[in-house]
Amino acid sequence: MIFNEIITPSLERWRHALMSADKGKGNIKIANYTDWMSQLPSELWTIPLFKLAIPGSHDSVSYDLDTSSAIIEPDNLKRFSWIYCLRRIVRTWGMTQEYTITMQLEAGVRYFDLRIARKCNDHHPTRLYFYHGLYTSTDVETVLREIHAWTVAHPKEVIILAFSNFNGFEKNIKEKLHNHLIGFMKTMFGSKLVPPVGIPTLQNCWDQGKNVIVSYDYPANHHPEMWKKITYYYANSMDRAQVKSKISEALGKEKTSNCFFVCGLNMTLPADHRILIYILRLCDSFPNVIRRGLPKLLKWLKQQSGVNIVASDLATRKDFVSTVVELNSALMKP
């Protein structure tokens, strides 16, 4: 299996843990978050997906950042890519997820934030990678095949793939790369793609045998299978108070919305010299910072209403998926 060296515990042990985690909590009874959508009460099957609370992951493939790659962000560090220990630091503070896409899906994550890049001077004309500070080790097509295999095995779980932040798409090859990537997804997912027409619900997705929604942040009018960019609200700050404020603002704006939107629980490192406050903590890491702050954000989130997609760092953390899914109990009749 891909990435065996970083998967602990094993997938089977992970599945067992998911089946017992938070069992019987709250008003919605989920026995196994691997298939939580199909276990929702039937009265939620016809609720627009725009209104359901859906757990997502931020920078979803950052578990696979490659320390042998060049630094591609922030800009002021690019020229120091030759320094190995600096690349290690970029990975330590750029890795927002710890587990593979398949394991995130098994944990119940249904929205994926996918940032795409082409490596400079890659001899392969259309090979693409994910990125967050560094490129990933694994290319985009390999990960998409992994996702496709999972969607075939779980036809009642509807997933949302959000493609954005296209890096290295130079003018002379931009259209070629976009068309190649979209064409690859159309061919692979085929009839499983949910078109951006009407109001999608779990029931009508199931009736049509469709369970993949692709949001693409680039004009793709000639590809009617692609959804437009999904608005992602985030605080651009490490301050939890600002994260809460931004999400509260988003919930006010989107109260009567009939489209997808994302509330980002993720915190963001400063882009200036203030970043040193964090990265010079040699015994710390971004995942550790998230572990310390996420429980308080989740406690606050439980009190919110009108939430759609909620994206987080460390989305496989035990309480994240169950907290977001439980928000759907507010949609049920008393």
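Basis for what follows: all heavy atoms, side chains included, without hydrogens, waters or symmetry-related copies.
- Between E326 and T323, the side chains place no donor N or O within less than 3.5 Å of an acceptor N or O (distance only, hydrogens not considered).
- Ring geometry for W150 versus H154: interplanar angle under 30°, hence parallel rather than tilted (30 to 60°).
- Put simply, the side chain of N328 gets close to the backbone of A53: a donor and an acceptor are under 3.5 Å apart.
- Between the Q304 side chain and the W300 main chain, a donor and an acceptor come within less than 3.5 Å of each other.
- Put simply, the side chain of Y63 gets close to the backbone of I101: a donor and an acceptor are under 3.5 Å apart.
- Between I160 atom CD1 and I309 atom CD1 the span is 4.0 Å, to the nearest 0.5 Å.
- Aromatic ring pairs are classed by plane angle as parallel below 30°, tilted from 30° to 60° and perpendicular above 60°; the pair Y216 and F166 is tilted.
- A salt bridge (charged side-chain N to carboxylate O under 4.0 Å, His left out) check over residues 289-307, counting only residues at least two apart or in different chains, returns the pairs E98-R291, D284-R292.
- Classification of the H178-F169 ring pair by plane angle, with boundaries at 30° and 60°, yields tilted.
- You'll find the side chain of V194 stays beyond 4.5 Å of the side chain of V212, heavy atoms only.
- The line from OG1 of T316 to NZ of K318 is 13.5 Å long, rounded to the nearest 0.5 Å.
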Practice task
Could you walk me through whether K156 and D35 pass salt bridge (charged side-chain N to carboxylate O under 4.0 Å, His left out), step by step?
Solution key: CA-CA 8 Å; K156 286 196 168 185; D35 294 288; over 6 Å; no
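- Looking at heavy atoms from C-beta onward, P195 lies in side-chain contact with K210 at the 4.5 angstrom threshold.
- Sparse packing is recorded around NZ of K228, with 12 or fewer heavy atoms of other residues, nucleotides or ligands lying under 6.0 Å away.
- A donor-acceptor contact shorter than 3.5 Å is absent between the side chain of Q97 and the backbone of S57.
- In this structure, the side chain of T136 engages the main chain of F130 through a donor-acceptor pair within 3.5 Å.
- For R88, the CZ atom is loosely surrounded, since the number of other residues' heavy atoms within 6.0 Å does not exceed 12.
- Between the side chain of Q208 and the backbone N or O of N204 there is at least one donor-acceptor pair closer than 3.5 Å.
- Residues I159 and N211 are not in side-chain contact: their nearest non-hydrogen atoms beyond the backbone lie 4.5 Å or more apart.
- Counting non-hydrogen atoms of other residues, nucleotides and ligands closer than 6.0 Å to CZ of F286 gives a total above 12.
- The CG atom of L40 sits 10.5 Å away from atom OG of S329, with the distance rounded to the nearest 0.5 Å.
- No side-chain donor from either of Q203 and T46 sits under 3.5 Å from a side-chain acceptor of the other.
- Residues Y99 and E106 bring no donor and acceptor atom of their side chains to less than 3.5 Å of each other.
- Applying the salt bridge (charged side-chain N to carboxylate O under 4.0 Å, His left out) test to every pair with at least one member in residues 182-197, sequence neighbours left out, gives these pairs: K186-E225.
- At least one donor-acceptor pair closer than 3.5 Å links the side chain of H132 to the backbone N or O of G94.
- Classification of D122 and R127 as a salt-bridged pair holds, one side-chain N sitting under 4.0 Å from a carboxylate O.
- Using cut-offs of 30° and 60° for the angle between ring planes, the Y232 and H58 rings count as tilted.
- For K119 and Y129, the positive end sits near the middle of the six-membered ring, less than 6.0 Å away and at most 45° from its axis.
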Practice task
Would you check, one step at a time, whether the test salt bridge (charged side-chain N to carboxylate O under 4.0 Å, His left out) holds for K174 with E170?
Solution key: CA-CA 5 Å; K174 181 187 295 185; E170 306 299 338; over 6 Å; no
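- The backbone N or O of L65 sits less than 3.5 Å from a side-chain atom of R91, completing a donor-acceptor pair.
- Distance check: N308 CG to K51 NZ gives 8.0 Å after rounding to the nearest 0.5 Å.
- The closest side-chain donor-acceptor pair between N32 and T34 falls under 3.5 angstrom.
- With rounding to the nearest 0.5 Å, the separation of CD in E249 from CD1 in I247 is 11.0 Å.
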